[in-house]
Amino acid sequence: MSEKFADEAAPMVCACAPDLSQVTAVALNPVTRLADYHAALQLAEHEAAARLGEAMLLSWYDRDRDFESPQHASECHQDSAVPGYVDYGIHHGATLMLDIEQGRFVFFYLPVEL
């Protein structure tokens, strides 16, 4: 039987899904595949305005380019089940998540209180 030393402890990995209980998740699947991120953003802006009125885009992901905003947010989450752009959106007050084409594009929005 071998001894377990503190520096040999297995790294902790979160296998849990993000808590989206305060976020309205909406799946959008256009009949025609969107051309690119810009087309997805235009659709997302329209949907967010219809649902929230004035809204601020907090974070997003573009699977085609494997690009996210804020940039490098997922670098802190390499061993996590929660991508950085999701964590950022949730912890900065997003109330709307728009998932376009089964995760091809994902946008998190916060309503603007005037």
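Computed over heavy atoms, backbone and side chain alike; hydrogens, waters and symmetry mates excluded. Since the model is a prediction, treat every value here as computed from it, not as a measurement.
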Quick check: do [X] and [Y] have side-chain heavy atoms less than 4.5 Å from each other?
{"X": "Val26", "Y": "Leu96", "value": "yes"}
{"X": "Val106", "Y": "Leu98", "value": "no"}
{"X": "Leu58", "Y": "Leu110", "value": "yes"}

Run Gln102 and Asn29 through side chain to side chain contact (heavy atoms under 4.5 Å, CB included) and show every step you take.
CA-CA 7 Å; Gln102 294 87 39; Asn29 295 296; 2.5 Å; yes
My understanding is that only residues two or more places apart in sequence, or in another chain, count here; which of them pass ring pair (Phe, Tyr, Trp, His ring centres under 6.0 Å) with Tyr61?
Tyr85
For His91, all residues meeting ring pair (Phe, Tyr, Trp, His ring centres under 6.0 Å), sequence neighbours excluded
none
Applying side-chain hydrogen bond (donor to acceptor under 3.5 Å, both in side chains) to Gln42 and not counting sequence neighbours gives none
side-chain hydrogen bond (donor to acceptor under 3.5 Å, both in side chains) against Asp62, all qualifying residues, sequence neighbours excluded:
Arg65
Of all heavy-atom pairs linking Leu52 and Pro111, the shortest is CD1-N, 4.1 Å
Here the pair of heavy atoms bringing Leu43 nearest to Pro30 is CD2-CG, 3.9 Å
For side chain to side chain contact (heavy atoms under 4.5 Å, CB included), just list the numbers for Thr24 and Thr95, CA-CA rounded to whole Å, side-chain angles, deciding distance to a tenth of an Å, and then say yes or no.
CA-CA 6 Å; Thr24 300; Thr95 61; 5.9 Å; no
Approximate separation, where rounding is to 0.5 Å, of Met56 CE and Glu113 CD:
11.0 Å
Quick one: CZ on Phe108 to CG on Asp87, what's the gap to the nearest 0.5 Å?
9.5 Å
Tell me, please, which residues at least two apart from [X] pass salt bridge (Lys or Arg N to Asp or Glu O under 4.0 Å).
{"X": "Arg51", "answer": "Glu47"}
{"X": "Arg33", "answer": "none"}
{"X": "Asp36", "answer": "none"}

Quick one: list whatever passes side chain to side chain contact (heavy atoms under 4.5 Å, CB included) with Leu41, sequence neighbours left out.
Tyr37, Glu45, Leu57, Phe107, Tyr109
Residue list, side chain to side chain contact (heavy atoms under 4.5 Å, CB included) with Asp19, at least two apart or on another chain
Ser21
Please, which pairs that meet salt bridge (Lys or Arg N to Asp or Glu O under 4.0 Å) have at least one residue in residues 94-107, sequence neighbours excluded?
Asp64-Arg104, Glu101-Arg104
